[in-house]
Structures are given as structure tokens and as C-alpha cells.
Amino acid sequence: MTFKCLTYILVGMLKDHEKKTRFRDPERTRKRLLQAAFREVHRSGFQSASIDTILEATNVTKGALYHHFDSKEALGYAVVDEIVAKIVRDGWLSPLLGSGQPIDILIGIVRRTSVRPEDIRTGCPLLNLATEMSPVDEQFRKRLERIFLAWQEGVAALLRRGQSEGTVRRDLNPEESASFLVAMVEGYASLAKNAQDAKVWEVGIRNIVGWLRSLRAPRQSPKGGRPMSKKHVVRRGR
């Protein structure tokens, strides 16, 4: 009886230990908090985001949250650095490194832009935070600026590659063209969110794709067609 009782106790202790280990997995808890915070910030904005809503969504105590993040601001900075930056990296920076002609790569990325109602309703998280927080919090502004600059530099590097390969016009400025592309993408995202209409984004995609096609080197024009117009090409500054 004593042996059986001891066995039951030991088994029970092991099970309790396994439960506590799973519950106290700090990395998993941190990731859950970040994901819940991102959803809340994306839905409500950072300043209106509710810590209680984040805690309720994760079933985590306030003490556990502040163990991982010193303040609401620290949580917001982590959302920018680890989630918003990853969205841009996965959606733009990684595809920019793919094989193929640069203009085709850019057109493919733009055409994959989501026009789902839920994405139109909430808008671009990078743009939302830049609009809300850049004027009021310098740490937010710097972090968001780094993401924008990485995005623009990624596009510019791809355009420079196209110029060296002879597939992109040599009379355009890659940096200026890259910033113009980012501005168009975020501009149409803002217009679509305000209109709450996916058709606005669909028109934007067509217009952006048309502009990108105008950046091809003349010999890349469709066979039998006239050279592409230089009307919309961003030229090098003098």
C-alpha cells in the first residue's frame, strides 16, 4: 500500500510539474501578449488600446505582462519592432530578393495586396501607427522610420539591379522611385480605409502596376509595341 501510495504521489507531482512548466513558458507567454497587443492596437490604435482587453484575450495577469514589458509603451515598441516590421519584411523585403526581372517582382507584390474587407476596414498597421504616434512619441517615430527606410531601400536596391541588368530605365532615380512607390501604396491604403471600399484599393493596384510598367527599359516593351512613355518616370535630380 505504501509503495502504491508513493507511486500515485510521484505521478501526481510530475503531472503538476508539467502543467506548471507549460503555464510558465515565458517565451510563449510573451508571444501571446505581443499578438494580442498587436490585434488590439490595430483595431483601436495605440493610445486607446486597453491593457485589460489584452490580458483578457491571453488569460495572463497584469503582473506577468509587466514582467515582460515595463510599460504600455514598451509593449507598443515591441509590437512595432517584432510584428509590424515582420509584416513589411514578409510582404515586401523578402519577396524583393526573389529571382526574376525587378519590375515583374514589384508588380507581383503589389498584385498580392489584400483587398479583404477586414484588411480594408483596419488599414495598414504601419501607416496607422505612423499617423497616430509619430507626432507624439519619438521612440515610436524612430522605429517606424526604420521600417519605412528599410522598405524604400529594398525597392531602390531592386531597381538598381534592374538598371545594371538593362531591364529598368537608366534615367530614373531608384531612391526617389522607391519612395514614390511606398507613398502610392500607403496613400491608396489610406483612401481605401477611409472609403471602406475594396474597389478603391483595386483601382490603386491597377494604377500602381501601370506606373511600374512605365519603368521598364524601352527594349522591355511588349513585342511590336511602341517604347513606353517617359511621362511618369522619376528622373535623376540635377
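Positions are given from 1 along the sequence.
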Engineer: Look up atom CG in Leu65 and atom NZ in Lys72, then write down how far apart they are to the nearest 0.5 Å.
Structural biologist: 11.0 Å
Engineer: Going only through I, L, V, M, F, W and Y residues with side-chain contacts under 4.5 Å, is there a path from Leu191 to Trp211?
Structural biologist: yes
Engineer: Distance check, rounded to the nearest 0.5 Å: Met133 atom CE versus Glu73 atom CD?
Structural biologist: 7.5 Å
Engineer: Check Pro102 against Thr167 and note the closest heavy-atom contact, atom names and distance.
Structural biologist: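 Looking at all heavy atoms of both residues, the shortest contact is CD-OG1, 3.6 Å.
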Engineer: Where is the tightest heavy-atom contact between Pro174 and Leu159, given as atom of each residue plus distance?
Structural biologist: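 Scanning both residues completely, I find the closest heavy atoms to be O-CD1, 3.8 Å.
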Engineer: Between Glu138 and Arg141, is the closest basic N to carboxylate O distance under 4.0 Å?
Structural biologist: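 Salt bridge flag = yes for Glu138 with Arg141.
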Engineer: What's the shortest heavy-atom distance between Pro218 and Arg169, and which atoms?
Structural biologist: CG-NH1, 3.6 Å
Engineer: If I compare all heavy atoms of Leu75 with all of Leu33, which pair ends up nearest, and what's the gap?
Structural biologist: CD1-O, 4.5 Å
Engineer: Determine, using the 4.5 Å side-chain heavy-atom cutoff (strictly less than), whether Ile87 and Ile120 are members of one ILVMFWY cluster.
Structural biologist: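 Yes, one cluster joins them.
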Engineer: Counting neighbours of CD on Gln196 that are heavy atoms of other residues, nucleotides or ligands and sit closer than 6.0 Å, is the number greater than 12?
Structural biologist: yes
Engineer: Measure the acute angle between the ring planes of Trp151 and Trp92, then classify it against the limits of 30° and 60° as parallel, tilted or perpendicular.
Structural biologist: tilted
Engineer: May I ask you to decide if Leu172's main-chain N or O and Gln163's side chain share a donor-acceptor pair within less than 3.5 Å?
Structural biologist: yes
Engineer: Which heavy atom of Leu158 sits nearest a heavy atom of Ile105, and at what distance?
Structural biologist: CD2-CG2, 4.0 Å
Engineer: According to a 4.5 Å side-chain heavy-atom criterion applied to Ile, Leu, Val, Met, Phe, Trp and Tyr, with indirect links allowed, do Leu127 and Ile147 form part of one hydrophobic cluster?
Structural biologist: no
Engineer: With rounding to the nearest 0.5 Å, note down the distance linking OG1 in Thr53 to CD in Glu40.
Structural biologist: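 So the OG1 of Thr53 and the CD of Glu40 are separated by 4.5 Å.
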Engineer: Which one of Val84, Leu129, Asp81, Asp137 satisfies the side-chain contact (heavy atoms from CB on, under 4.5 Å) criterion with Arg143?
Structural biologist: Asp81
Engineer: Give the cluster check for Val60 versus Ile51: same hydrophobic cluster or not, with ILVMFWY residues linked at side-chain heavy-atom distances below 4.5 Å.
Structural biologist: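 Linked within one cluster.
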Engineer: Is it possible for you to check whether Lys142 lies under 6.0 Å from the centre of the six-membered ring of Tyr77, through NZ or CZ, and within 45° of that ring's axis?
Structural biologist: no
Engineer: Taking 4.0 angstrom as the limit, do Arg111 and Asp104 come out as a salt bridge?
Structural biologist: no
Engineer: Give the intermediate values and the outcome of salt bridge (charged side-chain N to carboxylate O under 4.0 Å, His left out) for residues Arg160 and Glu175.
Structural biologist: CA-CA 9 Å; Arg160 287 194 293 269; Glu175 289 73 24; 2.4 Å; yes
Engineer: Check the pair Gln101 / Glu165 against side-chain contact (heavy atoms from CB on, under 4.5 Å), numbers first and verdict last.
Structural biologist: CA-CA 9 Å; Gln101 293 191 7; Glu165 295 170 348; 5.9 Å; no
Engineer: When you group the ILVMFWY residues by side-chain heavy-atom contacts below 4.5 Å and let the links chain together, are Val168 and Leu97 in the same group?
Structural biologist: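 Shared cluster, no.
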Engineer: Looking only at heavy atoms, what is the nearest atom pair of Trp201 and Ala192, with distance?
Structural biologist: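 Closest heavy-atom pair between Trp201 and Ala192: CD1-CB, 3.5 Å.
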